[in-house]
Amino acid sequence: MVRVLVVDDEDEVREAIARRLRREGYEVDEAGSLAAAVAALETASPSYDLVLTDMVMEDPQAGVRTLEAALGRDIFTEVIVLTAYGNVANAVECMRRGAFDYVEKNIPGVDVYELMALKARQALERRRNSLQTLRRYYPIARREGIELPSQPRGR
Amino acid sequence: MADTALPSSLLPGGEAHSGPVAALPPCCDEGAEELVLESLQRAARFLCSISNLEELLQGLLAEALDAVRGTRGFIGMVNRASGELEIRITAGQGWETQQARAIPITGAPGGGITSLVAATGQPYLTGNVRLDPHYVMFFPDVRSEIAVPLLNRDGGVNGVINIESEEPDAFGHRDLRLLSALANQAAIAVSVANYRAREAALIEIGNELAVLGSMEELFECVVARAAELLRAEDCALFELVPESEQLVLRASSNLLRDLRGQLSYRVDEGLTGWIATHAQPLRLSDARRDPRWKGIYPRLPEGAEEAYLGVPIFGKLGVWGVLRTLRRRPAAALIRNDFTARDEALMITLSRQVAAAVHRLEMQERERRMERLAAWGEMSARSAHMIGNKVFALKGHLNELEHLAGDATTSREQLVAIARRARESLFRLEEILEEFRDFVTATRVDPAPVELNELVRHCLETEFSAPEGIELEVSLAEGLPTIPADESRLRRVIGELLENAVLHQPSGGAIRVATGLWTAETAARWPAVQYRGTPGKEAAVYLEVADRGPGVPGALKGKIFTPFFTTRSRGMGLGLSIIKGIVEAHGGAVAEVGCCQRAAAPGVPPAYHESDAGELHGARFVVVLPAGGDRMDAGAESAAEG
């Protein structure tokens with residue numbers, strides 16, 4: 001089952017996002033703060049496939065921190081950053097550091113939840129492709145004597 | 001300067017004569033010379049050591065009386081506004097029975113010898129008053145009289161020293177010489193004393209202008225001090241309003257007080273207009289004779305003249321306004337009452353101080369505006385963020401509703417539940433909007449007489465119900481003055497404080513609501529309440545709302561009233577800043593004065609706890625509101641700008 005972590009300090013917002021993603025059939029955990037998110041990411045086993053995180057919480061760097069914690073745990077975890085109005089620069093910084101994409105929370109005339117669900121599917125697709133590539137690479141690496149970390153769990 | 005009073009040509013004879021003395025003989029008697037020197041040395045010593053004018057003249061007269069062996073004497077000082085000589089200092093016998101009197105200065109025969117000396121500025125000597133055409137009798141025993149002028153630096157007469165004797169031909173040229181020399185020394189001392197007084201006054205004005213908090217106070221201070229310093233009938237300050245090209249009266253020390261803000265000149269009108277247009281000072285002996293004179297200010301009494309002195313006040317962009325002052329005198333008076341070049345220099349100094357003070361106040365106002373603007377910027381960013389989030393959540397609910405509606409297995413309950421959530425979302429959104437609106441309008445107050453107690457009772461009865469587990473204690477002082485207040489805004493203050501107290505005691509507690517008169521005692525008990533009014537002088541009332549909750553830690557006490565500070569998740573954290581805005585717009589003050597957690601409040605002196613024993617130890621908010629109507633205007637003004 002796809003495992004997703006939703007990080008946002010506003011209960012209502014977090015619940016709405018989680019609810020929409022559960023409709024996709026994902027197993028969704030929630031974190032209401034940066035600390036809770038970091039704790040969840042570090043202890044998750046297996047690691048999360050996808051993380052959706054708000055950009056600015058109590059700490060303006062909360063989005064970046066969550067991203068770092070997620071990739072630190074599993075380099076193939078996909079991260080989608082949620083930004084409020086006027087925070088695109090921060091989101092771009094996250095992309096540069098390896099986020100899959102960003103979604104603006106308030107786009108006039110757009111049902112952002114459907115957009116979010118779509119981006120989540122695309123992100124998971126990329127993760128699947130990455131893992132497949134890696135899996136193909138493992139026997140080659142073994143044969144060539146290249147040392148690799150333990151084989152990623154397969155899906 | 002000594003030349004004017006000690007001419008060197010000879011007097012005929014050396015014997016007593018009668019009449020004005022334009023020339024004095026050199027002293028040929030060596031013994032007499034010795035006496036003169038001694039007398040002068042003594043006089044020089046005490047004149048230098050005394051700075052009080054009255055004392056100085058007293059000493060001078062005593063020395064003069066002694067030196068010429070007169071029976072009695074007096075010093076008359078010139079009053080330029082009335083054109084009279086006022087007898088200020090007396091010595092010798094018989095004065096107890098004399099009324100204080102003023103002698104008109106005419107210089108005409110029969111007007112009195114002192115009057116003549118004041119008019120001519122020349123010493124006068126007579127050995128037989130009965131034959132003297134100028135003599136006027138004060139005392140029947142007088143035979144001889146000697147009078148010398150006290151001259152100022154410009155050669156004008158400040159006063160007259162007059163000495164009399166019961167002996168005929170009692171005074172000779174030696175006495176005249178001695179008295180003139182004394183008068184000259186006295187003139188120097190008087191001028192020094194005047195300078196010291198001016199200097200002290202200027203320093204004082206400078207200090208005052210540097211701290212005054214409002215333009216009105218500043219203008220009032222300047223005109224009052226200038227009128228005092230220059231012995232003027234009136235001093236007024238006009239501000240140039242560039243848009244309308246009008247000079248508007250901002251302050252007047254006397255004559256135009258009632259016309260402040262109403263009287264105005266066009267910039268090309270009158271003397272004041274001329275000063276503004278030409279950016280130059282103007283000094284006139286008689287304003288009415290000047291063709292530029294417009295005479296808008298109240299008409300002069302019959303037979304009076306008006307000396308005029310006005311200077312421009314320079315701002316950053318040229319002339320900012322005009323400071324002008326008037327002196328009056330009877331037109332028939334012999335003594336002039338003109339402004340001098342030194343008076344003009346003084347006015348220029350004052351005008352520069354005004355300009356500096358105005359500039360300082362303008363900068364302060366600009367700073368306040370910048371702060372407000374910065375708060376607005378933050379306000380906009382935060383509210384956009386919060387509203388955006390709420391709308392985002394609402395969109396999520398609608399997305400879910402749509403999904404559920406399209407799903408055949410959806411139950412009616414599910415639909416109702418999601419609709420309810422959407423509605424809650426909208427309510428949150430409205431709360432934010434209301435907070436926003438209250439923050440914006442907090443400083444706009446529409447005052448009317450309000451009974452604070454009545455308002456508190458009303459709030460407690462209709463808008464507030466203490467939740468279970470919260471004990472309510474109400475203690476309202478009787479006989480409080482009515483306050484000018486905006487009832488709906490004040491109700492918001494009370495409501496917010498009560499709600500705050502409830503929110504911080506989720507598991508029950510107590511709330512105390514009290515009112516009372518703001519006194520020196522309450523001010524001392526709650527020093528954190530920075531109310532500007534003087535307790536007892538201007539009536540004020542207070543409202544106290546205390547609870548038994550966790551209280552406000554010392555470190556946060558200063559922050560809780562700043563916008564966006566909140567420990568709650570709901571709203572934007574504007575609640576207490578709105579209260580502060582409302583209270584300050586009423587000219588009042590608010591503070592949190594509770595001592596939370598006895599042991600953990602290091603900044604609070606132990607005595608405070610003692611006196612507070614048995615009372616609630618949580619948050620304690622105190623609101624002070626003035627009962628006088630004065631401050632309301634200021635509040636309304638700042639609201640108009642905000």
Side-chain angles (χ1 to χ4, degrees), chain A residues 4 6-26 28 30-33 36 52-60 62-63 80-91 102-120, chain B residues 376-411 413-433 435-436 559 564-573:
Chain A
V4 181
V6 175
V7 188
D8 198 309
D9 58 351
E10 232 171 291
D11 298 354
E12 222 188 341
V13 168
R14 193 178 63 243
E15 283 161 21
I17 298 168
R19 189 177 55 202
R20 177 64 190 85
L21 294 176
R22 283 188 188 111
R23 200 195 293 164
E24 296 290 307
Y26 308 147
V28 182
E30 299 175 28
S33 67
L52 278 100
T53 180
D54 188 24
M55 200 57 241
V56 183
M57 288 183 278
E58 71 275 26
D59 175 354
I80 294 174
V81 173
L82 302 173
T83 71
Y85 171 78
N87 259 323
V88 175
N90 264 348
Y102 68 91
V103 176
E104 267 189 84
K105 277 180 174 176
N106 300 104
I107 307 172
V110 173
D111 187 341
V112 182
Y113 288 82
E114 294 311 311
L115 182 65
M116 215 158 52
L118 174 71
K119 296 233 161 139
Chain B
W376 269 96
E378 180 164 8
M379 173 94 186
S380 312
R382 291 218 191 205
S383 50
H385 179 83
M386 293 185 107
I387 291 171
N389 253 339
K390 298 293 173 199
V391 168
F392 179 66
L394 183 59
K395 268 184 168 177
H397 298 322
L398 292 177
N399 177 287
E400 183 70 4
L401 186 63
E402 214 173 349
H403 165 70
L404 291 174
D407 185 344
T409 64
T410 302
S411 70
E413 285 73 31
Q414 275 178 299
L415 286 174
V416 171
I418 196 71
R420 198 167 284 153
R421 299 212 56 180
R423 195 176 55 191
E424 286 295 316
S425 259
L426 270 180
F427 289 171
R428 293 288 95 80
L429 205 52
E430 276 177 336
E431 274 174 19
I432 288 177
L433 289 175
E435 225 178 294
F436 191 99
K559 289 187 192 155
F564 312 110
F565 178 87
T566 182
T567 53
R568 284 191 264 157
S569 58
R570 272 172 59 174
M572 287 197 287

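Naming: A, B, ... by sequence-line order, numbering from 1 per chain.
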I'd like to check the side-chain contact (heavy atoms from CB on, under 4.5 Å) partners of B:Glu402; sequence neighbours left out, ordered by chain and number.
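With sequence neighbours excluded, B:Glu402 shows a side-chain contact (heavy atoms from CB on, under 4.5 Å) to A:Asp111, given in chain and number order.
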
According to side-chain contact (heavy atoms from CB on, under 4.5 Å), who are the partners of A:Leu21, at least two apart in sequence or on a separate chain?
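If we apply the side-chain contact (heavy atoms from CB on, under 4.5 Å) test to A:Leu21, skipping adjacent residues, the hits are A:Val4, A:Val6, A:Ile17, A:Tyr26, A:Val28, A:Leu52, A:Ala120.
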
Would you compute the distance between atom [atom1] of [X] and atom [atom2] of [Y] and round it to the nearest 0.5 angstrom?
X	Y	atom1	atom2	value
B:Arg421	A:Arg19	CZ	CZ	6.0 Å
B:Asn389	A:Asp9	CG	CG	7.5 Å
A:Asp54	B:Phe392	CG	CZ	8.5 Å
A:Arg23	B:Asn399	CZ	CG	5.0 Å
A:Glu10	B:Lys390	CD	NZ	4.0 Å

Where B:Ala393 and A:Val13 come nearest, the two heavy atoms and their spacing:
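Looks like CB-CG2, 4.0 Å.
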
Which pair of heavy atoms, one from A:Val110 and one from B:Lys395, lies closest together, and at what distance?
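In terms of heavy atoms, the two residues are closest at O-NZ, 3.0 Å.
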
Do side-chain atoms of A:Lys105 reach the backbone of B:Val391 as a donor and acceptor pair under 3.5 angstrom?
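Judged by distance alone, no pair lies under 3.5 Å.
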
What part of B:Ile418 is in contact with chain A, defined as an atom under 4.5 angstrom from a non-hydrogen atom: side chain, backbone, both or neither?
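When you check distances to chain A, only side chain atoms of B:Ile418 fall under 4.5 Å.
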
side-chain contact (heavy atoms from CB on, under 4.5 Å) for A:Glu15 and B:His397? Distances and angles first, verdict last.
CA-CA 10 Å; A:Glu15 283 161 21; B:His397 298 322; over 6 Å; no

Other residues, nucleotides and ligands only: do more than 12 of their heavy atoms fall within 6.0 Å of CZ on A:Arg22?
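It does: A:Arg22 CZ has more than 12 such atoms within range.
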
